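Heads up, the thing below is written out as structure tokens.
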Protein chains: 2
Amino acid sequence: MINKTRSKTEDIEFDIDNLIPGNSVDCVIFGFENQQLKILLLKWKFSNLWTLPGGFIYKTDDMDSAARRILEERTNLENIFLNQFHTFGNMNRNLLHKAFNEKKLDKNIFYSLDEETRKWISSRFITTGYFAFIDIKSSSPKPDYLSEKCEWFSIDELPNLVYDHNDIIKKALDYIRIQLNYLPVSINLLPHKFTMQQLQKLYEDILKKKLERSNFQRKMLKLGIFIRMEKEYTGSANKAPYLYCIDKPKYIELIKNGIGFTY
Amino acid sequence: MINKTRSKTEDIEFDIDNLIPGNSVDCVIFGFENQQLKILLLKWKFSNLWTLPGGFIYKTDDMDSAARRILEERTNLENIFLNQFHTFGNMNRNLLHKAFNEKKLDKNIFYSLDEETRKWISSRFITTGYFAFIDIKSSSPKPDYLSEKCEWFSIDELPNLVYDHNDIIKKALDYIRIQLNYLPVSINLLPHKFTMQQLQKLYEDILKKKLERSNFQRKMLKLGIFIRMEKEYTGSANKAPYLYCIDKPKYIELIKNGIGFTY
DNA sequence: AGAATAGTGTCTCTTAGACATTATTAC
DNA sequence: GTAATAATGTCTAAGAGACACTATTCT
């Protein structure tokens, strides 16, 4: 290890001596764009596989702080909604030799890493999954030390992911679906002003289920948390939809006890 | 360490060389007895504090298997419903010197442990919480190497617990409350035959909320999963209640998609 | 005018919640 | 009989879901 200072950019190797061994954190970062629920993924330098943004825990870090640090480094955003959902601890979950066997790992690039780093990333990790909700438009994602680029993927067009990262995403979605009535999805995933159609599509993507338009609108508006703004003129040959924004204090209060919806 | 074999009893020190450092598992084991929701706790040998049944993860263990092993060792039961709910990773969550400062730790007994063990239990642990539902009547709990006895506590009369174990229990209860419609509480916590009153009290304990008797009964029976048996004659001067048992396949199928109740 | 989508209204059926009535049981 | 608790029934209000109708926008 050349550089032992705490990494804040993608250029610096990580600081193994000051990290807890055997534990990592992975973030399923959700966004909503072009009427689609999306996830931010990174492309590994030494393979054709994609990975969740993740990282390690400093000895001086609480685990939640580590997750938040990783999230902020990748997205350039602060004060994001972040929530732990599950810890993945199977013995063989991150075996590198499986990646070798499947010929998906570029050995040359892998062996260009120093030995300590190779040993580190080859060891068993128990990883804790967090999910975050962000506004894609206001973020500027960047890759980390082990990855060459990052990209948003629609949740039903995910690429091949390393290790058990596909399972991690599935678990995050299951968790969000069950706890939907208690999670601040609308206010964190949608832009400040949005249409009912956008809100409905967001719910449909999460629930994997079509909802009836007029009933959805009636139920949502009845909550009393949506403030109607001016209309949005799209230029298309139909009635322009109203834009809405959210009364944040009321919304937060509401989801604390759970919206009593069945969908 | 004198004994390096895998511990299956309370008499043997643990096998540090074959354990993953820095990670542990804690189980919130729920039971229901005398119309009360209860939790199984152990009393530490070297302090007046109580602790959740917990343990460590062998290098050859999946984390879920470790939790199941710990659960089975403590309760003498197999095939128990077990579910992970949260991982606790604060830096200072298990500082022993805090216990020293609060004079709650018996230094003599602590220093009677060998140095490796002392060092081990003094180090930082990230612990993953699991909860289990068991039938108290059919279990025979026993303490582990670090504890002198175990006891069932009603969830609203919990003693002082070590570290953040009170928080862990609270988190488990919050999780169960939110996911109640998706969890097999009735079939795992109640005896094979039970009355509607018992079922209702179980729900009330979990939800921390009184429910209306006749409406509760109507809603529950409408699910079509309760089979009415003979009456239970208690000897008291009132109408004897019917006993019910559960149609297990239907029940499992039902909670897969969640019971659509609001309480 | 016509096509397309937004917004609102109506109807039926189900459920929740409050409360009343009837049924058992031991004394 | 009486006291106590169980089981069932009744009523009202609210909600879900299906679908119809009106409103607005641009071509």
Side-chain angles (χ1 to χ4, degrees), chain A residues 34-35 177 180-181 186 190-191 193-204 206-246 254-255 257-263, chain B residues 34-35 177 180-181 186 190-191 193-204 206-246 254-255 257-263:
Chain A
N34 297 331
Q35 307 274 68
R177 206 167 296 128
L180 184 54
N181 280 337
S186 329
L190 295 173
K193 295 178 184 179
F194 54 88
T195 66
M196 271 296 142
Q197 199 189 38
Q198 287 177 295
L199 182 64
Q200 181 176 343
K201 185 57 167 52
L202 172 59
Y203 271 80
E204 288 178 340
I206 292 172
L207 295 166
K208 287 194 205 300
K209 191 178 177 180
K210 290 280 171 202
L211 302 172
E212 209 282 332
R213 191 180 54 86
S214 66
N215 293 333
F216 180 83
Q217 169 141 328
R218 181 163 31 84
K219 279 159 68 170
M220 282 296 162
L221 291 180
K222 188 148 196 206
L223 293 177
I225 56 167
F226 297 102
I227 302 160
R228 182 186 279 188
M229 318 291 286
E230 75 283 15
K231 285 188 179 181
E232 179 192 42
Y233 295 88
T234 57
S236 62
N238 53 41
K239 183 171 179 175
Y242 288 107
L243 291 169
Y244 294 89
C245 66
I246 295 177
L254 183 67
I255 58 168
N257 299 309
I259 302 173
F261 280 172
T262 59
Y263 298 96
Chain B
N34 298 330
Q35 308 273 69
R177 206 166 297 130
L180 184 54
N181 279 337
S186 329
L190 295 174
K193 295 179 183 177
F194 52 88
T195 64
M196 270 297 143
Q197 199 190 40
Q198 287 178 296
L199 182 65
Q200 180 176 343
K201 184 57 167 51
L202 172 59
Y203 271 80
E204 288 179 341
I206 292 172
L207 295 165
K208 286 193 207 299
K209 191 177 175 180
K210 288 281 170 201
L211 303 171
E212 209 282 330
R213 194 177 54 83
S214 67
N215 294 332
F216 180 83
Q217 170 140 329
R218 180 162 32 83
K219 279 160 67 171
M220 282 294 161
L221 291 180
K222 188 150 197 203
L223 294 177
I225 56 168
F226 296 102
I227 303 160
R228 181 187 279 188
M229 316 294 283
E230 75 283 13
K231 287 188 180 179
E232 179 192 45
Y233 295 88
T234 58
S236 62
N238 53 42
K239 183 172 179 174
Y242 287 108
L243 290 169
Y244 294 89
C245 67
I246 295 177
L254 183 68
I255 58 167
N257 300 309
I259 303 173
F261 280 173
T262 57
Y263 298 97

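A quick note: this is a predicted structure, and the numbers were derived from the prediction, not measured. Lettering follows sequence order; numbering is per chain, from 1.
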Problem set entry | Sub-4.5 Å side-chain heavy-atom contact between B/Q198 and B/Q35 |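 Heavy-atom side-chain distance check passes, below 4.5 Å.
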Is the distance from OP1 or OP2 of [N] to the nearest side-chain N or O of [X] less than 4.0 Å?
{"X": "B/Y242", "N": "D/dA6", "value": "no"}
{"X": "A/K219", "N": "D/dA16", "value": "yes"}
{"X": "A/K231", "N": "C/dA6", "value": "no"}

Exercise. For A/I246 and A/I227, which heavy atoms make the closest approach, and how far apart are they?
Worked result: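 Reported closest heavy-atom pair: C-CD1, 4.3 Å.
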For this session: State, to 0.1 Å, how close A/F194 and A/C245 come at their nearest heavy-atom pair, and which atoms those are.
Result: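 Taking A/F194 first and A/C245 second, the nearest heavy atoms are CE2-CA, 4.2 Å.
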Nearest whole Å is fine: how far is [N] [atom2] from [X] [atom1]?
{"X": "B/Q197", "N": "D/dA4", "atom1": "CD", "atom2": "P", "result": "15 Å"}
{"X": "B/Y244", "N": "D/dA6", "atom1": "OH", "atom2": "P", "result": "11 Å"}
{"X": "A/K222", "N": "D/dG15", "atom1": "NZ", "atom2": "C1'", "result": "7 Å"}
{"X": "A/F261", "N": "D/dA14", "atom1": "CZ", "atom2": "C1'", "result": "13 Å"}
{"X": "A/R228", "N": "D/dA23", "atom1": "CZ", "atom2": "C1'", "result": "12 Å"}

Table of protein N/O atoms under 3.5 Å from nucleotides 19-23 of chain C N/O atoms:
residue: C/dC19; atom: N4; partner: B/S214; partner atom: OG; Å: 2.2

Exercise. Heavy atoms under 4.0 Å, any strand shown: does A/G260 hit a base, just sugar-phosphate, or nothing?
Worked result: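 Here A/G260 touches no strand at all.
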Problem set entry | side chain to side chain contact (heavy atoms under 4.5 Å, CB included) against B/S236, all qualifying residues, sequence neighbours excluded |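 If we apply the side chain to side chain contact (heavy atoms under 4.5 Å, CB included) test to B/S236, skipping adjacent residues, the hits are B/T234, B/N238.
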For this session: Give me the ring orientation class for B/Y244 and B/F226: parallel if the planes are under 30° apart, tilted from 30 to 60°, perpendicular past 60°.
Result: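 Judged by the thresholds at 30° and 60°, the geometry between B/Y244 and B/F226 is perpendicular.
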Problem set entry | Residue met sooner reading DNA chain C from 5', once B/S236 and B/T262 are mapped to nucleotides |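 With B/S236 and B/T262 compared, the 5'-side residue is B/T262.
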For this session: When you get a sec, tell me which of C/dA6, D/dA4, D/dT25 is the closest nucleotide to the side chain of A/P241?
Result: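 Among C/dA6, D/dA4, D/dT25, the one nearest the side chain of A/P241 is C/dA6.
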Problem set entry | Partner residues of A/R213 under the salt bridge (Lys or Arg N to Asp or Glu O under 4.0 Å) criterion, sequence neighbours left out |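 Scan of A/R213 (salt bridge (Lys or Arg N to Asp or Glu O under 4.0 Å), adjacent residues dropped) gives none.
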